[in-house]
Amino acid sequence: MPTNTCLFNQYQNAISSLDPNSLENGYFPEDLLIQKQGSFSVWYSPFDYVNPAAKIVLVGITPGYQQASNALRKAHQVLMAGGSIEHAKSESKKFASFSGPIRNNLTGMLDFIGIPQLLNIPSTKAFFEDQTHLVHFTSALRYPVMINGENYGGTPAITKTPFLKHQLESWFAKECQMLPDALFVPLGPKVSESLWALKEKGMLRGDQILDGLPHPSGANAERVKYFLMKKSRDALSSRTNASVIDQARESLTRKVNNAIARK
């Protein structure tokens with residue numbers, strides 16, 4: 001498998017020639033396949049771009065099919081309009097990253113723990129508007145990983161599966177090295193586990209990892225509301241562990257306050 005930090009050049013012709021209307025129902029053109037092993041397959045979608053000026057890094061687990069197809073469509077559009085490779089990479093990643101309802105939950109929680117005060121912005125909504133230079137969007141598994149043709153959701157664990165661990169260390173670890181002063185926000189416990197594994201290898205510092213946010217997906221609405229103190233503890237269902245969220249809220253706020261004090 002290639003170990004360079006960007007595969008866009010290798011797949012540029014495939015992106016230029018693809019039919020955007022074909023990206024339906026989980027279909028990827030075969031010429032976008034990076035690697036396959038057993039039930040796993042890894043596909044190219046333009047998530048190569050790294051923003052070296054970023055102060056905050058938002059880390060998902062891996063691009064899902066919808067996110068990946070949006071990025072491919074955007075890159076195709078930019079290239080067909082005569083745009084440069086760099087423009088296609090940056091625009092496709094911005095367009096596809098954390099789109100939909102997940103964005104409001106995410107920015108609400110980041111605002112709550114004090115990221116706007118750290119960066120001197122009114123709200124982290126600016127990450128998606130006029131302050132995109134402050135943020136880097138990425139995934140522990142940079143390129144879309146499918147398992148039996150379906151989106152990979154965290155099982156089996158990245159750090160305990162050699163094929164997935166190789167993806168983590170081949171791509172995301174290199175991004176960490178390019179962002180030595182940024183704060184990393186993992187979305188979900190599986191991503192947190194991956195970041196702490198890289199910390200053990202000396203690729204991240206513990207004070208860079210802002211872990212503990214409930215995953216901002218719409219399906220996690222109750223935990224998000226409780227984190228934001230918009231729902232009382234006694235109104236929670238049995239599925240929500242209030243103590244874990246309380247501890248995460250306190251730890252995250254403390255880490256951000258410490259970062260503000262160091263400015």
Side-chain angles (χ1 to χ4, degrees), residues 1-51 58-104 106 127-129 132 135-155 158 163-164 166-168 170-172 174-175 187 216-219:
M1 181 175 178
T3 56
N4 58 303
T5 57
C6 175
L7 293 181
F8 193 101
N9 290 2
Q10 182 177 333
Y11 291 93
Q12 179 184 354
N13 289 339
I15 293 171
S16 296
S17 62
L18 69 79
D19 174 6
N21 295 321
S22 71
L23 296 171
E24 301 291 344
N25 302 318
Y27 168 79
F28 283 111
E30 281 298 316
D31 52 4
L32 292 176
L33 180 66
I34 296 175
Q35 190 177 16
K36 190 169 186 177
Q37 185 179 100
S39 58
F40 291 108
S41 57
V42 185
W43 299 85
Y44 181 75
S45 188
F47 291 95
D48 315 86
Y49 178 76
V50 178
N51 173 15
L58 303 177
V59 191
I61 191 163
T62 193
Y65 177 78
Q66 191 62 52
Q67 189 181 5
S69 59
N70 285 343
L72 285 164
R73 288 190 187 96
K74 188 65 174 180
H76 174 82
Q77 179 186 37
V78 172
L79 291 175
M80 291 300 94
S84 68
I85 288 175
E86 284 304 311
H87 187 56
K89 287 193 295 184
S90 63
E91 287 301 303
S92 59
K93 192 165 187 180
K94 282 191 292 186
F95 177 75
S97 294
F98 302 109
S99 52
I102 194 172
R103 189 173 292 185
N104 286 335
L106 179 58
F127 288 165
F128 303 94
E129 297 167 353
T132 57
V135 66
H136 175 53
F137 306 109
T138 191
S139 300
L141 304 174
R142 177 193 280 185
Y143 300 112
V145 172
M146 302 286 156
I147 181 167
N148 294 317
E150 302 291 334
N151 290 335
Y152 168 74
T155 302
I158 294 173
F163 179 80
L164 299 178
H166 179 67
Q167 306 298 319
L168 175 74
S170 292
W171 308 110
F172 179 68
K174 290 181 172 60
E175 295 185 35
L187 304 182
S217 70

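This is a predicted model, so every value here is computed, not measured. We number each residue from 1, following the sequence as shown. Scope of the values below: all heavy atoms of this structure, side chains included, with no hydrogens, waters or symmetry mates.
Once rounded to the nearest 0.5 Å, the distance linking CD of E91 with OG of S84 reads 9.5 Å. Between the OH atom in Y49 and the CD1 atom in I85 there is a gap of 15.0 Å [rounded to 0.5 Å]. Rounding to the nearest 0.5 angstrom, the gap separating the CG atom in L58 from the OG atom in S139 is 10.5 Å. Going from atom CG of L23 over to atom CG of L18 covers 5.5 Å, rounded to the nearest 0.5 Å. Taking CD of E30 as the reference point, atom NZ of K36 lies at 7.0 Å (rounded to 0.5 Å). Between atom CG of residue D19 and atom CZ of residue R73 there is a gap of 9.5 Å, rounded to the nearest 0.5 Å.
Centroid-to-centroid, the aromatic rings of F28 and Y65 come within less than 6.0 Å.
Scanning all heavy atoms of the two residues, the minimum distance from Y152 to F40 falls at CD1-CE2, 4.4 Å. Closest approach of L141 to L168, counting heavy atoms only: CD2-N, 4.0 Å. Q67 and T62 make their closest contact through OE1-O, 4.4 Å (heavy atoms, listed as atom of the first residue, atom of the second, distance). For the residue pair A68 and S45, the shortest heavy atom distance occurs at O-OG, 2.8 Å. The two atoms that bring I158 and I61 nearest to each other are CD1-CG1, 4.1 Å, heavy atoms only. The two atoms that bring L7 and D48 nearest to each other are N-OD2, 2.9 Å, heavy atoms only.
D31 and Y11 are not linked by any side-chain donor-acceptor pair at a separation below 3.5 angstrom, with hydrogens and angles left out of the test. Counting only N and O atoms by type, the side chains of W43 and S41 include a donor and acceptor under 3.5 Å apart.
The one candidate from P20, S92, P46, S17 that meets the side-chain contact (heavy atoms from CB on, under 4.5 Å) condition with H76 is P20.
Aromatic ring orientation, W171 versus Y143: perpendicular (interplanar angle above 60°, classes split at 30° and 60°).
No donor-acceptor pair under 3.5 Å is formed between the side chain of R142 and the backbone N or O of E175. Listed for the N51 side chain is a donor-acceptor partner under 3.5 Å among the backbone atoms of V135.
Between F127 and L106, the closest side-chain pair of non-hydrogen atoms is not below 4.5 Å.
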